Amino acid sequence: MTDRPHRSAPPGRPRAGSPSPVPGAPPFPGSGAPPSPAATGSKTIDTGLRLLEILRDHPDGLTISELARTADVHRNAVSRHLTALRNHRLVSRTGTRYTLGLGIVELGAAVQHRLRAAAEGALQSLADGCRATAFISVLDADEEVVVLAVAEPRGSDFHVAYRAGKRHAVDHGAPGIAILAGRPPRPRERPIVREARRTGYAVTEGELQPGAWGVAAPIVARGRPAQASIGVVTIGAQDESAIAPRVVAASGEIARLL
């Protein structure tokens, strides 16, 4: 047998018999520069936005496995993206299911000034109509409720002082119970949550402050799980049959604008 001199393949071309690069696949080791950080970052952002779009179209939420199948992304990668999105409150978790989070509402509110003004108008109208302090509360970190906005009744000599930023557990007080009622059932939830889900509003007395009576309704926009509620608070029980319909109407007015 005659020995033949070894000839290297031209630069940038695989040797005969070696697999050809698949279009879009990372380059072979030593075949060129690795993907640029900008390209990697763009893919990460694209995947995160894709997951948010999928959750937008599934208001009842999806599990990690369901998201992975829908997005055609590996389950571990989906889990990492969801962790980052939850850290920024763009995604919320209830049990094993993920939905859009409060951060989405806040981002939307920052650029939709007309919507914010409409919500504030409904809030003030509710306060004046009920002659009671009205408020909007939002879900934060799945277990707490934060008062986002407050309106005091005009022309009333006496009303409850309430401040924005006040926090309390989600399963106590009409605002949190109303939010839970506007979301899928979860294990071991209180009977009052189930009752609020049936009636469309929650009523509590003395759970957050002795003598305080509150009515709240979930704000359910486009069939998505509730992230907020609107309600009123007074000292001493009022006529539920007169107050509750006003609260429910106000929640519906705001939901139609979201």
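Keep in mind that what you see is a predicted model, and the values were worked out from it rather than measured. Atoms considered below: every heavy atom in the structure, side chains included; atoms not considered: hydrogens, waters and symmetry mates. FYI, the numbering just counts along the sequence from 1.
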Pairwise side-chain contact, [X] with [Y], heavy-atom cut-off 4.5 Å (strictly under):
X: Ile54; Y: Leu67; result: yes
X: Arg222; Y: Arg56; result: no
X: Pro185; Y: Arg194; result: no
X: Leu100; Y: Ser92; result: no
X: Arg190; Y: Glu195; result: no
X: Val193; Y: Arg186; result: no
X: Phe135; Y: Val147; result: yes
X: Thr234; Y: Ile243; result: no

Worked verdict on Thr99 versus Gln227 for side-chain contact (heavy atoms from CB on, under 4.5 Å): CA-CA 10 Å; Thr99 60; Gln227 294 284 349; 4.2 Å; yes

Spatial distance of atom [atom1] ([X]) from atom [atom2] ([Y]) [nearest 0.5 Å]:
X: Leu55; Y: Arg50; atom1: CG; atom2: CZ; answer: 10.5 Å
X: Ile219; Y: Glu253; atom1: CD1; atom2: CD; answer: 10.5 Å
X: Ile235; Y: Glu205; atom1: CD1; atom2: CD; answer: 9.5 Å
X: Leu90; Y: Leu82; atom1: CG; atom2: CG; answer: 11.0 Å
X: Thr47; Y: His74; atom1: OG1; atom2: NE2; answer: 13.5 Å
X: Leu123; Y: Glu152; atom1: CG; atom2: CD; answer: 11.0 Å

Checking [X] side chain against [Y] main chain: does a donor-acceptor pair fall under 3.5 Å?
X: Gln238; Y: Gly236; answer: yes
X: Ser79; Y: Arg75; answer: no
X: Ser229; Y: Ile179; answer: no
X: Thr63; Y: Glu66; answer: yes

Path from Val78 to Leu85 over hydrophobic side-chain contacts below 4.5 Å: yes

Joint cluster assignment, Ile254 & Val220, ILVMFWY side-chain distance < 4.5 Å: no

N-O pairing of Glu189 and Arg183 below 4.0 Å: no

